[in-house]
Amino acid sequence: LAVSAVSTKEAVRAPYAPPCQRKRLPTLTDTTILQILDVGCGPGTITADLASLVPKGHVTGLEYAPEVLTQARSTAAQRGLTNIEFVVGDVNGLDFPDGTFDVVHAHQVLVHVGDPVQALREMRRVAKPGGIVARVVRSNGAEPNAGRRLHVWARLAGIDPIGITATASTWCYRTPEERAWWSGLWAERIVATPFARSAVSGGYATEQDLAGIAQAWRDWGADEDGWFAVLHGEIICRV
């Protein structure tokens with residue numbers, strides 16, 4: 001089970017998003033035959049990365065918000081991947097039998113759930129004995145500083161501490177190309193995703209507020225002195 005989290009979810013792959021999947025899951029090779037579950041797959045870019053790493057295996061991307069899966073399927077088709085599928089589901093109650101997957105992966109998901117321990121229990125349940133649960137972190141009553149809590153939640157979910165490996169990695173955006181990608185991503189996300197709808201319906205911001213935040217991202221991206229870093233907490237658990 002591989003889990004990662006940042007203290008502030010961006011499961012998006014681009015030329016400027018470091019390929020940390022191979023770091024987290026060093027046993028994956030192009031000859032590996034594995035069943036992999038990617039929880040909270042979003043637009044499917046990391047899911048596609050995982051599928052490309054195991055062309056003889058099979059990857060299932062699971063997402064709570066069904067509308068984004070059209071983009072995910074398009075991503076897989078554009079990359080010519082046939083060992084991948086996308087389904088709608090909830091990490092708090094995964095619709096898979098016990099011991100289904102060799103690897104259960106989630107990137108910046110636990111920060112968004114109200115009960116991360118229950119989510120990890122479910123991820124552990126569907127992992128095969130001896131399998132890997134990997135998690136990378138980032139509201140719904142969730143913990144914004146999830147990265148620093150991952151190893152604790154894993155232990156509370158019943159995973160033997162001996163089987164938990166905790167690490168960290170960073171993303172950094174400084175060049176004009178990197179800033180343009182990162183700022184454009186967030187400017188769009190702020191106004192045109194379920195996050196925006198939740199922010200407005202929850203009374204946290206008005207549409208005008210969000211438009212201002214989006215413009216601030218664009219301004220930052222255009223600033224030649226702009227610099228941005230993201231720290232990720234990560235765990236790999238052998239179950």
Side-chain angles (χ1 to χ4, degrees), residues 1-6 8-30 32 34-55 57-89 91 94 101-113 119 123 126-127 131-138 146-147 150 167-173 178 181-182 185-186 188-189 193-195 230-237:
L1 186 151
V3 180
S4 69
V6 298
T8 56
K9 155 181 172 190
E10 196 48 56
V12 175
R13 177 186 178 274
Y16 315 114
C20 46
Q21 283 69 49
R22 193 177 290 277
K23 173 193 168 186
R24 278 181 241 139
L25 302 170
T27 59
L28 299 188
T29 70
D30 58 8
T32 306
L34 293 177
Q35 296 291 320
I36 300 176
L37 175 65
D38 185 25
V39 176
C41 65
T45 45
I46 286 179
T47 322
D49 282 349
L50 292 169
S52 68
L53 289 174
V54 289
H58 186 271
V59 181
T60 300
L62 180 140
E63 175 58 49
Y64 185 76
E67 57 268 22
V68 75
L69 293 184
T70 298
Q71 183 180 348
R73 294 183 179 103
S74 177
T75 296
Q78 289 172 11
R79 297 180 60 177
L81 297 167
T82 58
N83 61 329
I84 189 170
E85 67 174 331
F86 295 96
V87 299
V88 176
V91 68
L94 295 171
F101 299 98
D102 299 284
V103 175
V104 182
H105 172 270
H107 178 74
Q108 300 176 353
V109 171
L110 296 189
V111 68
H112 294 288
V113 301
M123 293 169 69
V126 300
I132 294 174
V133 178
R135 172 84 179 100
V136 187
V137 170
R138 277 180 82 182
L150 290 180
T167 59
S169 65
T170 58
W171 290 353
C172 183
Y173 305 94
E178 291 168 349
W181 177 76
W182 188 247
L185 176 80
W186 278 97
E188 180 181 4
R189 186 179 184 200
T193 65
F195 166 82
V230 184
L231 176 65
H232 298 266
E234 305 167 343
I235 58 172
I236 292 180
C237 307

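Worth saying up front: this structure is predicted, and the values here are computed from it rather than measured.
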Review point. Is there side-chain contact between Thr60 and Cys41, with heavy atoms separated by less than 4.5 Å?
Key: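 With C-beta onward as the side chain, the pair stays apart.
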Practice item. Could you please spell out the steps behind the side-chain contact (heavy atoms from CB on, under 4.5 Å) verdict for Ile36 and Leu53? Key: CA-CA 11 Å; Ile36 300 176; Leu53 289 174; over 6 Å; no
If you take all heavy atoms of [X] and [Y], which pair is closest and at what distance?
X	Y	result
Asp49	Ser52	O-OG, 2.6 Å
Ala119	Val113	CB-CG2, 4.4 Å
Gly233	Leu150	O-CD1, 3.3 Å
Val104	Val39	CG1-CG2, 4.1 Å
Ala76	Phe86	CB-CE1, 4.0 Å
Ala168	Leu231	CB-CD1, 4.2 Å

Practice item. Give me the ring orientation class for Tyr173 and Trp181: parallel if the planes are under 30° apart, tilted from 30 to 60°, perpendicular past 60°. Key: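 Answer is tilted, since the angle falls between 30° and 60°.
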Point to revise | Mutual orientation of the aromatic rings belonging to His105 and His107 [parallel < 30°, tilted 30-60°, perpendicular > 60°] | key: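 Parallel: the ring planes of His105 and His107 meet at under 30°.
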Practice item. Please name all residues satisfying side chain to side chain contact (heavy atoms under 4.5 Å, CB included) with Ala48, sequence neighbours left out, ordered by chain then number. Key: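 Here the qualifying residues are Thr75, Arg79, Leu81.
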Exercise for review: Tell me, please, which residues at least two apart from Gln78 pass side chain to side chain contact (heavy atoms under 4.5 Å, CB included).
Suggested key: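 Partners of Gln78 by the side chain to side chain contact (heavy atoms under 4.5 Å, CB included) criterion, ordered by chain and then number, come out as Ser74.
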Point to revise | Glu63 (side chain) donor-acceptor with Gly42 (main chain) under 3.5 angstrom | key: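 Yes, because the side chain of Glu63 sits within donor-acceptor range (under 3.5 Å) of the backbone of Gly42.
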Review point. Would you say the side-chain atoms of Asn83 pair up with the backbone N or O of Val54, donor to acceptor, closer than 3.5 Å?
Key: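 Side chain of Asn83 to backbone of Val54, a donor-acceptor pair under 3.5 Å: yes, one is there.
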Quick one: [atom1] on [X] to [atom2] on [Y], what's the gap to the nearest 0.5 Å?
X	Y	atom1	atom2	result
Thr170	His232	OG1	NE2	7.5 Å
Glu234	Ile236	CD	CD1	7.5 Å
Thr47	Leu37	OG1	CG	9.5 Å
Asp38	Leu50	CG	CG	5.5 Å

Practice item. Apply side-chain hydrogen bond (donor to acceptor under 3.5 Å, both in side chains) to Gln71 and list each qualifying residue two or more places apart in sequence or on a separate chain. Key: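 Testing Gln71 for side-chain hydrogen bond (donor to acceptor under 3.5 Å, both in side chains), a comparison that skips the adjacent residues, returns none.
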